[in-house]
Each structure stands twice: as structure tokens, then as C-alpha cells.
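These notes are about the structure you will find just below.
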Amino acid sequence: MSERRLELVADRRRPSLANAAREIDRSGLRGVPVVDVDLHLHGLGDPGEVRRYIRHANLRRLFTTWESLIPPARGDPRVAGRVQLPPPAEPGASGGDRHPTAARLLRTMDELGVDLAVVFHAPLLFLAQHPEVEVETELAWAFARWLVEDVLPGNDRLRTFLYLPITDPEASLELIGAFADRPGVAGFLITALNYLPLHRNLYLKVFAALDERALPLAVHTVPNWEERPFAFMERFVGPHALGTPFYGMVHLFNLVTAGIPERFPGIRWIWIEAGQSWITFAASRLDNEYRQRPSEAPLLTRLPSEYIRRMHFATHPLETELPEREARVLFEYVGGARNWLYSSGYPSPDFDLPTRVWELPYLSEEEKRAILGGNAIRLLGLPEPVIREPGLPPPDPDRPLT
Amino acid sequence: MAVTSQHELEIVPGRRRPYLINAEREAEARGFYDFPIVDVDSHVTDGMDMRRLARYLRNPNIARMFEKYRGVDLRRVHMNWNLGDRPIAGRSKAYGVWDDLPEHIPEGMPRSAARSAQFMDRTGIDYLVSFPTITLTLGVNPQPEMETEVAGALNRWLLEEVVPWDERILVMPTLPVSDPDASVEAVLDLADRRNVVGWMIAAARSEPLHLRRYLRLWSAIEEVGKPVAFHTAPNWKERPFEVMGRFFPAHGLGFSFYSMVQMTNLVLSGIVERFPGIRWIFIESGQSWVPFMMARLDQQYRMRSSEAPLLRRLPSEYIREMYFTTQPFEDHTLEPEVGRAIFDLTNGPRSWLYASDYPHHDFDLPGMIWSLPYLSQAEKRAVLGENALRLFGLPAATPTRERRMAAGR
């Protein structure tokens, strides 16, 4: 019997979310608008749906399964099954007149207590690692069309940050031009695991295109166990713990000192999945360096930390280990409640329910509401108030999911 | 007018640069001569004639390199040149401060010893741990025997040529950890030498220090009882840093990064649990990286504890028992509550150790700590000296004051 069958008993709710609805009711969170800026699109369904949008005939021929073109990542996020996760979507699962992927996402959102979610196609996290640039550009294009044309229409509670194939600035421009104004597109996203000097002239037109439209650009970090400084670590916990924030730091340090946020003040930067405590480090460290080496960052008109305080940071994975008093001081040092955007990271093994933010002892209720939804509503220009669609009953904790 | 180099313009023979003159005024005004101050990271070998090392090298092939090449050539050909312009084309006010030497150096006294002695005399520092700068990149040298040989030679040179000139100069011999056997040998050979107070490892390296072959080394260090320090350095040539268009971000992130790498590995692999007697020091990484490590490793440990099965406590609890040098002191003076929060989180009253990094361009004088508005007088004295005295088992003496009195000052 497989491990999966051992964990999942037929007609029993998935263990991860079994208590979520109860927790939301108990915490008094029901009725508070919740926007999740990083819900991973899990259970990708039939690859044929995406495949038909691939323009490049050769790649279309090669793309037979999800794994056929998307680079794998080393490291076992689920710790050999110790972390319990829901099974992938059943291809062709019924969602009424909705796209099955949308139906599944909405069901997940109901369980999480999320009103509106920005979805991201998580398998693309390692796409920039593919040595063939066309694979990145073509899959980015195909996924964008699939999401915008098949999945999102008719689903007001779903938005997306579209993957930007930044390796190829021209293809990125084309994607922005084609999709920036399409319904459901809330912004664009790049992954931090790349080796691109993003401050160079060839990328500036991409930043300019985002700047003109005042669009969010999310930077989603991931670990890389195979990087030399991490390769000698004996278990994935080390590369995962340090590596995930590290690749975000690399680009933050480079972009800020190169003056990209100064030159393109319209871009709304969102840093995703690196936690919180690294921001304090980055701000403090950059300011200290800047005071010593301002001639190497001549475009800056403010301290680096002041640019950081104008950026946004997704909360997942929420770090709650520091003592309350110090956590509050460090939180305020990097801008406080106005910078933070709730993200679930679901179904990452370390996903966070909205109640995690709601229960943080060092935040006021007003701050919690801002982080859980208010900031994202303002930043992404979402309809207010964000509430679940009428007629959709609250999730029944005892309803079986199959 | 003859074209002169910036170097010549800045250095007027027989004239001292203003830093140490002002430092001495500050030391007198603030009473730095009256209580013990320990500088846990003061650099030597900057501007050193590498040929002096040749006689301490055992391998004749490597000795020949040091005999035949001048310093710059030697670094370019056989040592890893650490790319990046620290003093920013001379913009740093402390550019070339390693040439700030006493007017009269006794015959035979190494420049490094003379500079260190002068620095202590003028700042009120009573002991300093001398660290040979050229060992910083030995950990990424593709020739492991270079690390073993050069580290060994530097250790002997320091103990035989530098320390005898001034009892205030302390040594943490460099361990060539690319060779665990040679490292164990160094620990056993040098443990009882006068003024040896601990061990030094260059942090910019990729050896799996948790593997079985290193356990004998950790065991020897624990048994001897002297602390072990990781001295970090940036590596702009590391692939992720190559995206950076200036040295600034590679310097700013890189210094802290290699300490993070070593700390992550030592804690999560359980070395800290298996060798509870070892006291760990992390040098030249700043302050704010430590709360980041505590929060992040704890959060991840709770998610993946089965991958760190040796731990009996949260990672942050091990980290709070470690020691951290203060330089480069991140400027929190505008927001004292942030500095205080970091100080408290990292167990600063017990674990912070003052370090100058002199004579490097971003060196900190003791006044940096003394002027922090969020530390009590007792805490300032602890950071400036008492924590290190306790860590190294040194007497609470003020030898610099005695020297000045003997000199009639």
C-alpha cells in the first residue's frame, strides 16, 4: 500500500485543512477580508490544455507531461511524507461551469478562509533554470494564455501574477504588452533563482514597461541545494532555510544599490516566500554599507532602507519565534504593517492560514486587517470590500472531499 | 608640478594620519586606558613582505614561491585574489592606513607588530587578537596544501616573530581545515603556546565540516577548551554574487553570508550539540544577520525537525550561546530601539565582543561601542573587554595603561 493511501482515508477530509474552517470561526476572522497574494496553483490538470498554447512547434511536441520541460528541483519539501498535503487535482474534476482548476482553487480558498487569491503556477519556479531560453519564454506565454483565457474568466475571486521570462527581455515586453490589461492579471512575477545582472541596460525596458503601468513585480524566491555554498550541507533543511531568503537578498542588494527602485519608482515590488527577518538584516546591512560606499551607488537619493520600506513583503512563511517585544521593534524598523501582504503559500509544506497573522500578539487589529487584506486591496486595486461570492455557503467542516 | 601618486600625497613622512591622534584624545577623554579593552580582530600581514614567510614554510616548492615572487605576484599567481576594491579607489578616509607606522621601529621588529603596538597605545586597547589577512581566501584555494603550508607558516611567524615583541598581541592560529589531520596537529602542537587564545577558520569555504573526518578536530578543540572563530570574507566570484554590478552589494551581503552558511551547517548538523564544550565566535559579519538566523532556523527547524535529529533545543538557543564580534558595527544610532532589540535578541551583554578590524578601511574604534546610547556603562565595558577576558581566560589587567605610565604619559 502506498504512503499516500495510508494517509488519505476515503471520504475523510484532507488532514491539512480539516481544522482550518473551525479555526477561522473560533478566531473571529470570518467577515474580515482576506487576500492571499501567493496561492500556488497545484494540481495542474491536463497538460494538453496548456500545450495547445505553445507556439513553438518543436516545444509543443516535447511538452507531453508537466515534467517533460519543467526543470526539477533537488530537495524533498515534504520530508519523506511527514508533511501531509492534499492529493493533486483530479483531471477533469467537475467544477460545474467553472474550469476545474478554478473550481479547485476556489474550494481551497474557502477552506483556507481566503476571499481573493493571487495564484501562481508553482512548477514555473525553476523554469529560469532551463538552459534553453525558448522553453522559458514559450511556457511563460502558454501558461499566461491558459490562465487568462481558460482558468480565470468568470472567477472574480482569482487574480494572477504572470510569470515573466526575464531571461529574454524582448519576450518579457511582449508578454507585458499582451497581458497587462487582461482581466485577472494583477501584475508580473520573476523568480529569484537566476544569474541575471538585472541592473544592466538590456533589462531596463522591462522595468520601464512595468513602471509606466505602475504594476506590481513580485520576486518569488526558491532554494537551490546545488549552489556551491549549499551543496555541502547534508540535509535539505539547511539549503531551504538559508537558500530561500538568500536568492531574494542577492537581487534586493543588487537592484537597490544599482538604483532600479529610484529610476522606476512606479514599480510595486513584492518579495515572496522568504519570511520576514531577512528584511531587517538587508535594510540594516545596506544602510551601513551605503554610508561607507555611496560612490558605488550614485543613483540613490535616499538610504537603501528607505527604498526597502516602500516595498512589500509576503508573510509566508511566517516566523513567530522571536520574542514579542523585539519582533515588534524589528517589524516597525522595516516599515511595519503597511508593507506586509498575507500569503498562504498553499500548498507548500509550510503554508500559513490567515489565522496565523490574526493571532500574532504584537499587532493591533487594524494592522492585522491591513496585512490580511487591506494592503493588497489598495496595492492591487481590488474591488472593495472583497467578500466571498454570495450564494456560496461557508465550508462545511464535515463535508467530505474526494 | 611632478605627478605624485595618491599614496604619496596622503602620507607625509614623519607625520601621523589624524585617526590615531584623534583616537588617543578620545581614549584619554573617555577613560579607555582605565579599564580592559580587548580587540578580537586586528589584522596583520597587510603590506607585509611575503618573503619573510619563506623560512617558515616546510614544503620547499611553496617556500620557493614565497622567495621568488613579490607579494602582488604571489597573490595573483598562487593565492586567491579576493576581488573587490575595499577603500573605493582611495575614497575611504582610511585608505592605506596600514602605512601608518611609528616613526621609530626597533630593528627586526615586524611592521605588523609595530603597527599593532602603536594602535593599542593610542586607543587604550589592552589586548588584540592578530589575524593574518592573507588567510581569508585560503579556504577557496584549489591547492589544499597551500592552506596547510601557509597557515602553518603564518602561525609560526606570529608566535615566533610578532608576539615576542609585545605581550599584548594574542594569536588564534589559523586551522587549515581542508586538511583535518593537519588541523588536529596544529591544535595539539600550539594549544599550550603562550598567547594562543583560540583557533581561527576562514569562513569562505565549502568543506562539509559536519562530516565524520572532522569530528576528531572538533573533539580536540573541545578538549583543549579554547574557542574557535570563523572569520568571514566576501567572494564576488561566487556565482550568485556575479550578478552584482558593483562591489558594494557583494561586500554587504557576502561578509554576512559565509558566516550564515557555516552557522546553518554547524547548528543543523548537530555539531553544536555533540560538542557542547566548544565556544564559537563569528567575526566581521555585523549584527543584524544573527536575529535573522535565529528566526529563520527556528521556523524551519519546526517544519523539518527530522532533518536535524541531533538537536535537543531550538537552533536559536545554540546561537544565543555563541559569540559575535561587533565590527563592522551597523549604524543603528538613529534608531536606538532597533539596536537594543538586536543586542537583547543575540544575548549581547554576554556574547558581543569588540573588534576593530584595524587597519582596514572600515575599522571601528572602541568609541563606536562607547557612544551607543542604548547600552549601560556596565554593558559597554562587557562588550569592550570583559566578555573577551572571560572567553579567553585573561586577567583583568590594563597593560596599555602600565606602558604609558612607564613611558611617563
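Everything numeric in this text was worked out from a predicted model, so none of it was measured. In the text below, chain A, chain B and the rest are named by the order of the sequence lines, each starting its count at 1.
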**Study point:** Largest heavy-atom contact set with chain A, pairs under 4.5 Å, which of B/A308, B/S256, B/S269, B/S316
**Key:** B/S256

**Study point:** Residues in residues 228-235 of chain A that sit under 4.5 Å from chain B, counting heavy atoms only
**Key:** A/R228, A/P229, A/F230, A/F232, A/M233, A/E234, A/R235

Review point. Can you check salt bridge (Lys or Arg N to Asp or Glu O under 4.0 Å) on B/R304 and B/E307, steps first, answer last?
Key: CA-CA 6 Å; B/R304 315 177 65 84; B/E307 291 188 332; 2.9 Å; yes

Check your understanding: Can you say whether A/H240 sits under 4.5 Å from chain B via the side chain, the backbone, both, or neither, judging by heavy atoms?
Key -> both

Practice item. May I ask you to name which of B/R296, B/M293, B/R246 has the most heavy-atom pairs under 4.5 Å with chain A? Key: B/R296

Point to revise | Per-residue contact mode, A/Q292 against chain B (heavy atom under 4.5 angstrom) | key: both

Check your understanding: Roughly how far, to the nearest 0.5 Å, is the NE2 atom of B/H361 from the CG atom of B/D85?
Key -> 8.5 Å

Exercise for review: Go through the atoms of A/L252 and report whether side chain, backbone, both or neither lie under 4.5 Å from a heavy atom of chain B.
Suggested key: neither

Exercise for review: Considering only heavy atoms and a distance below 4.5 Å, find which of A/V329, A/V237, A/L198 pairs most often with chain B.
Suggested key: A/V237

Check your understanding: Distance-only, no hydrogens or angles: does the B/D364 side chain make a donor-acceptor pair with backbone N or O of B/S356 under 3.5 Å?
Key -> no

Practice item. Among the options A/E319, A/E227, A/R293, A/H199, pick out the one with the most heavy-atom pairs lying under 4.5 Å from chain B. Key: A/R293

Exercise for review: Rounded to the nearest 0.5 Å, what's the gap from OG on A/S172 to CD1 on A/I190? Could you check?
Suggested key: 9.0 Å

**Study point:** chain B contact via A/A274 - which portion, at a heavy-atom distance below 4.5 Å
**Key:** backbone

Review point. Is the centre of the A/H40 ring less than 6.0 Å from the centre of the A/H316 ring?
Key: no

Exercise for review: Determine, step by step, whether A/R328 and A/E332 satisfy the salt bridge (Lys or Arg N to Asp or Glu O under 4.0 Å) criterion, reporting the C-alpha distance in whole Å, the side-chain angles of both residues, the deciding distance to 0.1 Å, and the verdict.
Suggested key: CA-CA 6 Å; A/R328 174 79 206 183; A/E332 285 177 3; 2.6 Å; yes

Review point. What option among B/L253, B/L268, B/T264 has the most heavy-atom pairs under 4.5 Å with chain A?
Key: B/L253

Review point. What distance do A/I272 atom CD1 and A/T315 atom OG1 have between them, rounded to the nearest 0.5 Å?
Key: 10.0 Å

**Study point:** Residues A/R310 and A/E306 bridged, charged N to O under 4.0 Å
**Key:** no

Check your understanding: Do NZ/NE/NH1/NH2 and the carboxylate oxygens of B/R340 and B/E379 come within less than 4.0 Å?
Key -> yes

Check your understanding: Does B/P176 offer a backbone N or O that forms a donor-acceptor pair with the side chain of B/S183 under 3.5 Å?
Key -> yes

Exercise for review: May I ask you to say whether B/D344 pairs ionically with A/R325, meaning some side-chain N is under 4.0 Å from a carboxylate O?
Suggested key: yes

Review point. So which bits of residues 205-214 of chain B come within less than 4.5 Å of chain A, counting non-hydrogen atoms only?
Key: B/R205, B/S206, B/E207, B/P208, B/H210

Review point. Is a side-chain donor or acceptor of B/Q287 paired with a backbone partner of B/T326 at a separation under 3.5 angstrom?
Key: yes

Point to revise | Side chain A/D38, main chain A/A314, donor-acceptor under 3.5 Å | key: no

Practice item. Please determine, among A/T320, A/D350, A/T280, the option with the most heavy-atom pairs under 4.5 Å with chain B. Key: A/D350

**Study point:** Top contributor to chain B interface from A/F236, A/F246, A/W278 [non-hydrogen pairs under 4.5 Å]
**Key:** A/F246

Review point. B/F241 versus chain A, heavy atoms under 4.5 Å apart: side chain, backbone, both or neither?
Key: side chain

Study note, to complete from the structure: If one checks every heavy atom of A/E321 against chain B at 4.5 Å, the contacting part turns out to be side chain

**Study point:** Interface moiety of A/L196 toward chain B, non-hydrogen atoms closer than 4.5 Å
**Key:** backbone

Check your understanding: Is there a donor-acceptor contact under 3.5 Å from the side chain of A/N194 to the main chain of A/A128?
Key -> no

Practice item. Sort B/E242 into side chain, backbone, both or neither according to what part of it lies under 4.5 angstrom from a heavy atom of chain A. Key: neither

Exercise for review: Give, for atom CZ of A/F281 and atom CD of A/Q276, the distance between the pair rounded to the nearest 0.5 Å.
Suggested key: 16.0 Å

Review point. Without hydrogens or angle criteria, can the side chains of B/Y318 and B/E273 be said to hold a donor-acceptor pair below 3.5 Å?
Key: yes

Study note, to complete from the structure: Pair count under 4.5 Å, heavy atoms only, with chain B: among A/S295, A/G275, A/G238, highest is A/S295

Practice item. Might you work through the side chain to side chain donor-acceptor pair (under 3.5 Å) test for B/E284 and B/T232, ending with a clear yes or no? Key: CA-CA 6 Å; B/E284 205 168 337; B/T232 184; over 6 Å; no

Revision key, fill the gap. Ranking B/A250, B/G252, B/A341, B/G245 by heavy-atom pairs under 4.5 Å to chain A gives rank one to B/G252

Check your understanding: Between the side chain of B/S305 and the main-chain N/O of B/R302, is any donor-acceptor distance below 3.5 Å?
Key -> no

